[in-house]
Amino acid sequence: MPSFAQHTERDQRIIDRLRTALDNDLLAHERFHDVVRLDVKAARIIEVLGILKNEFDFNFLTSLCGMHHPGEAMELAVVYHLHSMRNGHRLRVKTWLPMAHPEIPTATGLWPTANWMERETWDFYGIRFTGHPNLKRILNMEDFPAFPMRKDYPLEDPTRHDKNDSMFGR
């Protein structure tokens with residue numbers, strides 16, 4: 001099992017390599033609970049994921065998911081959790097997208113397992129993965145008019161008149 005110091009050294013090599021490759025497109029990095037998170041521009045995401053897979057042996061895409069942060073300049077995000085099984089090392093990559101145009105290239109060419117994860121992210125957040133082989137809803141109906149994990153709807157039904165909000169501390 002690699003030590004914390006070995007992971008820290010490896011993380012620094014990854015950060016240095018990405019800084020060299022991306023110039024100013026590596027937006028931020030931080031360590032949180034022994035996992036480094038890298039923030040990169042969406043336009044460079046496939047390049048970054050390719051470097052991580054091919055040069056640093058992050059051969060397993062653990063998960064890919066969407067996030068919605070209302071009120072931020074870039075409201076939507078895609079988060080990739082990567083794992084190098086050979087090195088026992090994990091990494092998180094995050095990229096931000098505007099609500100007006102949430103598009104990002106597909107990662108299915110690097111990890112075929114991204115297929116269903118990207119479909120679920122499309123289904124729930126409306127993030128379009130360009131170049132995806134079969135981007136369609138998997139849990140909601142095809143004609144469903146919204147993206148249920150976005151926080152762009154009222155928390156309660158405004159048509160209800162049978163509730164007394166004072167009973168709920170409001």
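Small disclaimer: the values here were computed from a predicted structure and weren't measured. Sequential numbering from 1 along the given sequence is applied to the chain's residues.
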Which atoms form the tightest heavy-atom contact between P105 and I45, and what is the distance? CD-CG2, 4.0 Å
Show the nearest heavy-atom pair for residues I127 and I104, with the distance to one decimal. CG2-CG2, 4.0 Å
What I want to find out is whether K94 reaches D39 closely enough, with some N-O distance under 4.0 Å, to be called a salt bridge. no
Nearest 0.5 Å please: distance from the OG1 atom of T95 over to the CZ atom of R44. 11.5 Å
Over all heavy atoms of both residues, which pair between F56 and R13 is shortest? Give the atoms and the distance, please. CZ-O, 4.0 Å
Report the C-alpha distance between L22 and K41 in whole Å, list the side-chain angles of each, state the deciding distance to 0.1 Å, and finish with yes or no for side-chain contact (heavy atoms from CB on, under 4.5 Å). CA-CA 9 Å; L22 302 178; K41 289 188 178 178; over 6 Å; no
Honestly curious: do W96 and V79 fall in one hydrophobic cluster under the side-chain, below-4.5 Å linking rule? no
Approximate separation, where rounding is to 0.5 Å, of L91 CG and N87 CG: 12.0 Å
Under the side chain to side chain contact (heavy atoms under 4.5 Å, CB included) rule, collect the residues that match up with F144, sequence neighbours excluded. R137, N140, M141, A146, P148
For residues T106 and E118, is any side-chain donor paired with an opposing acceptor at under 3.5 Å? yes
Considering the options V36, V35, L38, D16, which one meets the side chain to side chain contact (heavy atoms under 4.5 Å, CB included) requirement together with D11? V36
Looking at every non-hydrogen atom in both residues, tell me the closest pair between L49 and A107 and how far apart they are. CD1-CB, 4.2 Å
Do you know the tightest heavy-atom contact between T130 and E103? CG2-OE1, 3.3 Å
Table please: side-chain donor-acceptor pairs of residues 59-77 below 3.5 Å, with sequence neighbours left out.
{"residue": "H68", "atom": "ND1", "partner": "K151", "partner atom": "N", "Å": "2.6"}
{"residue": "H68", "atom": "NE2", "partner": "E75", "partner atom": "OE1", "Å": "2.8"}

Would the distance check show the side chain of D123 and the main-chain N or O of L139 forming a donor-acceptor pair, the cut-off being under 3.5 Å? yes
Taking the side chain as every heavy atom from C-beta outward, state whether K53 and W111 have any pair of such atoms under 4.5 Å apart. yes
With rounding to the nearest 0.5 angstrom, report the CZ to CZ distance, F124 to R150. 13.0 Å
Between R90 (side chain only) and H83 (backbone N and O only), is there a donor and an acceptor less than 3.5 Å apart? no
So, taking the atom named CG in D57 and the one named CG in L82, what distance separates them when rounded to the nearest 0.5 Å? 11.5 Å
Can a salt bridge be assigned to the pair E142 and K136 using a cut-off of 4.0 Å between side-chain N and carboxylate O? no
Using 0.5 Å steps for rounding, measure from the CD1 atom of I46 to the CD1 atom of I51. 11.5 Å
Give the minimum heavy-atom separation between F58 and H89, together with the two atoms involved. CE2-O, 3.5 Å
Between the NE2 atom in H101 and the CZ atom in R128, the distance rounded to the nearest 0.5 Å is 9.5 Å
Would R119 and W122 count as a cation-pi pair here, with the cationic atom under 6.0 angstrom from the ring centre and within 45° of the axis? no
